[in-house]
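Below you'll find the structure I mean.
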There are 2 protein chains.
Amino acid sequence: MPNERVALPSTRRSLPIALIRAREAVMAPIREMLAGTGLTEQQWRVLRVLDEFGPMDVSRLAREAGLMASSLTRIVQTMVTDGLVTRETSASDRRRQVIGIASKGQEVLSENRDAALAIAEDLRGRLGERDFERLLDLLEALAECGPRSNGSRNVEPNSSGRG
Amino acid sequence: MPNERVALPSTRRSLPIALIRAREAVMAPIREMLAGTGLTEQQWRVLRVLDEFGPMDVSRLAREAGLMASSLTRIVQTMVTDGLVTRETSASDRRRQVIGIASKGQEVLSENRDAALAIAEDLRGRLGERDFERLLDLLEALAECGPRSNGSRNVEPNSSGRG
DNA sequence: TATCAATAGTTGAGATGTTAAGCAAAAGCC
DNA sequence: GGCTTTTGCTTAACATCTCAACTATTGATA
């Protein structure tokens, strides 16, 4: 029998779960599109960002594509091997790795541009122009009120067991 | 240099990326809360669902918690080992595995209930009551128009009445 | 009864998410 | 210059995601 003591908000109206379900629905057609290319959804995002803004270092690429730097390191390694992107050390700052689109990456983008556009417009149509924009605004507001609101970095020096 | 041929929507207004960023912001305080417990965010969701609805089989648990059945199999295995949940074969259908909360799971829930409630209310406050509800409605609508274009799958009559 | 299809759950493999630790280059300071 | 701190990226370890293949049970069928 469910616990009645404090009544947490229902998981049916839980933001974490709702965000996961929504992402699942949004990604379904994109994954279907990518199935024929051998790309993962993350690799596709990397190409999309580089296509929009041009070559950039790993840090910015991670930020723009919504990926963690540690994940991106591995993703880029695979993509370099597959001829999708290029990677070279920056001349002005040898710490930075500048990532750019390689020929095969351009091919994949060209071949899937129309399909991707159709998927985006279909989604926009289903939700409605107004709700679509409102949703993006709300998600952006949500992201803003998170980690970057201020310092307040809670440092708990614990590390209890659980190896 | 960016490709100009068709102009895909900007990644700055991309739903997949926006959803990931929003989830990141929402999960940050929850992860901080869970850091002291040794639970992952998925394990916490499992406990939350079982706490709200009581024992259930793996399929429904996966649906309610927004997890894939294959992931849940492994998550439950770990949680059984850690004494967080129980697992027993259903008497009426031996294919089904019924999952319930174990004593240690109840403990974790009790110990973190207040903190979880505070996090949820803080988020609600930051976004504002109206936007918070609107966001949940929009995310639900998005999830509905995804894999099953069926529509009308809504169980609750609260859909989009108000402005 | 034997058989086939559907369902519930599990497992395997490869890729990503998450955290912590590590290294090299750059920036700041004496 | 020599020293310390910060920054950018990488690696390691473990958990999860995703897809595909698999087992076991159930239900339908002849």
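Only a predicted model underlies this, so the values are computations on that prediction, with no experimental measurement involved. Every chain is numbered from 1, with letters handed out A, B, ... down the list of sequences. When reading the values below, keep in mind they use all heavy atoms of this one structure, side chains included, and skip hydrogens, waters and symmetry mates.
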Subject >> Length of the line joining A:Trp44:CH2 and D:dT18:P, which is rounded to integer Å >> reply: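 After rounding, the gap between these two atoms is 19 Å.
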Original post:
Where each residue is assigned the nucleotide of DNA chain D containing its nearest heavy atom, which of B:Gln42 and A:Arg60 is assigned the position nearer the 5′ end?
Top reply: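 So the residue in question is A:Arg60.
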Original post:
How close or far is atom C1' of C:dT11 from atom CD of B:Gln97, stated in whole angstroms?
Top reply: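 The answer, rounded to whole Å, is 14 Å.
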Subject >> Test: A:Arg60 cationic atom under 6.0 Å from A:Phe53 six-membered ring centre, within 45° of axis >> reply: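 Yes; both conditions hold, so A:Arg60 lies above the ring face of A:Phe53.
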Subject >> Residue-phosphate contact under 4.0 Å: B:Arg23 side-chain N/O, C:dT18 OP1/OP2 >> reply: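 Answer yes for this pair, as a side-chain N or O of B:Arg23 is under 4.0 Å from OP1 or OP2.
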**OP:** Measure the distance from CE on B:Met56 to P on C:dA8 and round it to the nearest whole Å.
**Re:**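 It works out to 15 Å between those atoms.
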Subject >> Spacing between B:Leu72 atom CG and D:dC17 atom C1', to the nearest angstrom >> reply: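 Going from B:Leu72 (CG) to D:dC17 (C1'), I get 13 Å.
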**OP:** Please work out if A:Leu67 contacts a base, only the sugar-phosphate, or nothing of the nucleic acid, heavy-atom cut-off 4.0 Å.
**Re:**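 The residue A:Leu67 makes sugar-phosphate contact but no base contact.
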Original post:
Does the side chain of A:Thr40 get closer than 4.0 angstrom to OP1 or OP2 of C:dT16 through an N or O atom?
Top reply: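 It does, given that an N or O in the side chain of A:Thr40 lies less than 4.0 Å from OP1 or OP2 of C:dT16.
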**OP:** Supply the atom-to-atom distance B:Ile101 CD1 to B:Gln106 CD, rounded to the nearest 0.5 angstrom.
**Re:**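 If we round to the nearest 0.5 Å, B:Ile101:CD1 and B:Gln106:CD are 4.5 Å apart.
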Donor-acceptor pairs are to be reported for all side-chain atoms of residues 72-83 of chain A against protein atoms at under 3.5 Å, with residues two or more places apart or in another chain.
| unit_1 | atom_1 | unit_2 | atom_2 | d |
| --- | --- | --- | --- | --- |
| A:Thr73 | OG1 | A:Ala69 | O | 3.1 |
| A:Thr78 | OG1 | A:Arg74 | O | 3.2 |
| A:Thr81 | OG1 | A:Gln77 | O | 3.0 |

Original post:
Touch check for B:Ser71, heavy atoms < 4.0 angstrom, all strands: base, sugar-phosphate only, or nothing?
Top reply: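 Base contact.
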**OP:** Select from A:Met68 and A:Ser90 the residue whose nearest nucleotide in DNA chain C is closer to the 5' end of that strand.
**Re:**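 The answer here is A:Met68.
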Subject >> Below 4.0 Å: OP1/OP2 of C:dT11 and any side-chain N or O of B:Gln77 >> reply: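 Yes, because at least one side-chain N or O of B:Gln77 sits under 4.0 Å from OP1 or OP2 of C:dT11.
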**OP:** Give a yes/no answer on whether the side chain of A:Arg87 brings an N or O atom under 4.0 Å of OP1 or OP2 in D:dT10.
**Re:**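 Result: yes.
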Original post:
Which distance, rounded to the nearest 0.5 Å, do you find between the CZ of B:Arg12 and the CG of A:Leu136?
Top reply: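 Interatomic distance, B:Arg12 CZ to A:Leu136 CG, rounded to 0.5 Å: 13.5 Å.
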Original post:
Do B:Arg74 and D:dT18 have a side chain to base donor-acceptor pair shorter than 3.5 Å?
Top reply: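 It does, because a donor-acceptor pair links the side chain of B:Arg74 to the base of D:dT18 below 3.5 Å.
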Original post:
Any side-chain N or O of B:Gln43 under 4.0 Å from OP1/OP2 of D:dA15?
Top reply: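 Negative; the distance criterion is not met.
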**OP:** Identify whether any heavy atom of A:Ser70 sits under 4.0 Å from a base atom; if not, whether one sits that close to sugar-phosphate; answer base, sugar-phosphate or nothing.
**Re:**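 Result for A:Ser70 = base.
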Subject >> Flag if over 12 foreign heavy atoms under 6.0 Å of CD, A:Glu32 >> reply: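 Count not over threshold, so no.
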Original post:
Which residue pairs pass the salt bridge (Lys or Arg N to Asp or Glu O under 4.0 Å) test with at least one member in residues 40-49 of chain A, sequence neighbours excluded?
Top reply: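 The answer is A:Arg23-A:Glu41, A:Arg31-A:Glu41, A:Glu41-A:Arg45.
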Original post:
B:Ile20 has an atom CD1; how far is it from atom P of C:dT18, in whole Å?
Top reply: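 Taking atom P of C:dT18 as the reference, CD1 of B:Ile20 is at 9 Å.
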Original post:
How close or far is atom P of C:dT19 from atom CG of B:Leu39, stated in whole angstroms?
Top reply: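 That distance rounds to 14 Å.
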Subject >> Distance (rounded to the nearest 0.5 Å) between A:Ser59 OG and A:Gln97 CD >> reply: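 Separation between the atoms: 10.5 Å.
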Original post:
Between B:Ile30 (CD1) and C:dT19 (P), how many Å, whole number?
Top reply: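 Going from B:Ile30 (CD1) to C:dT19 (P), I get 13 Å.
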**OP:** Check whether any side-chain nitrogen or oxygen of B:Arg96 sits under 4.0 Å from OP1 or OP2 of C:dA8, and answer yes or no.
**Re:**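 B:Arg96 to C:dA8 OP1/OP2: side-chain N or O found under 4.0 Å.
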**OP:** For the pair B:Leu67 and B:Leu61, evaluate side chain to side chain contact (heavy atoms under 4.5 Å, CB included) and give the outcome as yes or no after the intermediate values.
**Re:** CA-CA 8 Å; B:Leu67 296 168; B:Leu61 184 52; over 6 Å; no
**OP:** For C:dT19, take OP1 and OP2 only and decide whether either is under 4.0 Å from a side-chain N or O of B:Arg31.
**Re:**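 Yes, because at least one side-chain N or O of B:Arg31 sits under 4.0 Å from OP1 or OP2 of C:dT19.
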**OP:** Hey, which sits more toward the 5' end of DNA chain C by its nearest nucleotide, A:Arg94 or A:Ile75?
**Re:**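 Going by which nucleotide is closer to the 5' end, it is A:Ile75.
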Subject >> Separation of atom CE in B:Met79 from atom C1' in D:dT16, rounded to whole Å >> reply: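 Whole-Å distance recorded here is 14 Å.
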**OP:** Please give the angle, rounded to 10 degrees, between the axes at the start and the end of the helix from C:dT1-D:dA30 to C:dC30-D:dG1, where five pairs define each axis.
**Re:**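 What I find for the helix from C:dT1-D:dA30 to C:dC30-D:dG1 is an axis angle of 10°.
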Subject >> Base D:dT25 paired with B:Arg95 side chain (donor-acceptor, <3.5 Å) >> reply: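 Under the 3.5 Å cut-off, the side chain and the base do form a donor-acceptor pair.
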